> 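This is the structure I have questions about; it appears just below.
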Amino acid sequence: KSDLMNIYLLYKSMFVISSITGLDSVPAIFKIPVIEVGIVPFNLQRTYSNLYLSLFKNYFSKTLNRNLTMKEIFENELFDIDGNSFLDDELNLVHPTENDIKDACEEMMMKISKNYIQNNENINNQEKFKKMYSNYIDKYCPHRSVNLNKGSIGESFLKRNKFLIS
């Protein structure tokens, strides 16, 4: 019921689940990890800290009847679409599933307890995503330049949405 209590709850949390609105930058001040669910626009991933685990909304094309790749999102200049767009007849922004969120929470718990072991597939997927994302941001959104991409994408989310990096 108070701003101070909101800050205190964030301070005492093991990790925070957020939708990239409100007080979601505060936990990082206290070194508390954050799962950001449903990131949109696509160019707003927090890359400056390894405390952030990201789950993006999928950009579903009604015309193509499939989700768009990262390349298509950037090359068609959809990276800053926020859901209140004139493209409603063409584009659906699809929120991560309950399983995506649950898996991200389990991954975060393993990371916090130091029981998280990345396999080679995930390491490669993360590196590919970071490189592609950084390159597209530099090309299409230079004001958000990514010097060092420290954030990560939920392992299961990226595996289920591998089309993003194809």
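Basis for what follows: all heavy atoms, side chains included, without hydrogens, waters or symmetry-related copies. Since this is a predicted model, take the numbers as computed values, not measurements.
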> I'd like a table of donor-acceptor pairs (distance under 3.5 Å, sequence neighbours excluded) in which one partner is a side-chain atom from residues 51-59, with atom names and distances.
residue: S54; atom: OG; partner: Q45; partner atom: NE2; Å: 3.4
residue: N58; atom: ND2; partner: N161; partner atom: OD1; Å: 3.1
residue: Y59; atom: OH; partner: F42; partner atom: N; Å: 3.0

> Quick one: list whatever passes side chain to side chain contact (heavy atoms under 4.5 Å, CB included) with M109, sequence neighbours left out.
M14, F15
> Taking salt bridge (Lys or Arg N to Asp or Glu O under 4.0 Å) as the cut-off, I'd like each qualifying pair that reaches into residues 4-26, sequence neighbours left out, listed once.
D24-R46
> Indicate whether the side chain of S113 and that of N115 have a donor and an acceptor atom separated by less than 3.5 Å.
yes
> Short question: side chain of E90, backbone of T63 - any donor-acceptor pair under 3.5 Å?
yes
> Decide yes or no on side-chain contact (heavy atoms from CB on, under 4.5 Å) for K162 and I165, but give the supporting numbers first.
CA-CA 6 Å; K162 206 166 183 178; I165 56 176; 4.2 Å; yes
> Considering only heavy atoms from C-beta outward, does the side chain of V16 approach that of I35 to under 4.5 Å?
no
> Within a reach of under 6.0 Å around CZ of F30, are more than 12 heavy atoms found that belong to other residues, nucleotides or ligands?
yes
> List the residues meeting side-chain hydrogen bond (donor to acceptor under 3.5 Å, both in side chains) with D3, not counting sequence neighbours, and say none if there are none.
none
> Through direct or indirect side-chain contacts below 4.5 angstrom among Ile, Leu, Val, Met, Phe, Trp and Tyr, which residues connect to V94?
F60
> Which heavy atom of S18 sits nearest to which heavy atom of V34, and what is that distance?
CB-CG1, 4.0 Å
> Kindly write out the residues that satisfy salt bridge (charged side-chain N to carboxylate O under 4.0 Å, His left out) with K159, not counting sequence neighbours, or none if the list is empty.
E121
> Starting at CG of L44, measure out to CD1 of I20 and round the result to the nearest 0.5 Å.
5.0 Å
> Taking only residues two or more places apart in sequence, or in another chain, which ones meet F163 in a ring pair (Phe, Tyr, Trp, His ring centres under 6.0 Å)?
none
> Per the side chain to side chain donor-acceptor pair (under 3.5 Å) rule, what does the pair list look like for residues 124-135, sequence neighbours excluded?
N122-Q126
> Over all heavy atoms of both residues, which pair between L164 and L68 is shortest? Give the atoms and the distance, please.
CD2-O, 4.0 Å
> Just verifying a value: how many Å separate K62 NZ and L91 CG, rounded to the nearest 0.5 Å?
8.0 Å
> Can you list everything that forms a ring pair (Phe, Tyr, Trp, His ring centres under 6.0 Å) with Y116? Sequence neighbours excluded, please.
none
> Write down the atom of L10, the atom of P27, and the distance for their closest heavy-atom approach.
CD2-CG, 4.0 Å
> Rounded to the nearest 0.5 Å, what separates atom CD in E155 from atom CG in N119?
5.5 Å
> Sorted by first residue and then second, give each side chain to side chain donor-acceptor pair (under 3.5 Å) pair with at least one member in residues 137-151; sequence neighbours left out.
D138-S145
> State whether the number of non-hydrogen atoms from other residues, nucleotides or ligands found under 6.0 Å of I117 atom CD1 is greater than 12.
no
> Salt bridge (charged side-chain N to carboxylate O under 4.0 Å, His left out) with E72: which residues, sequence neighbours excluded?
R66
> Please, which pairs that meet salt bridge (Lys or Arg N to Asp or Glu O under 4.0 Å) have at least one residue in residues 94-117, sequence neighbours excluded?
D100-R160, K102-E106, D103-R160, E107-K111
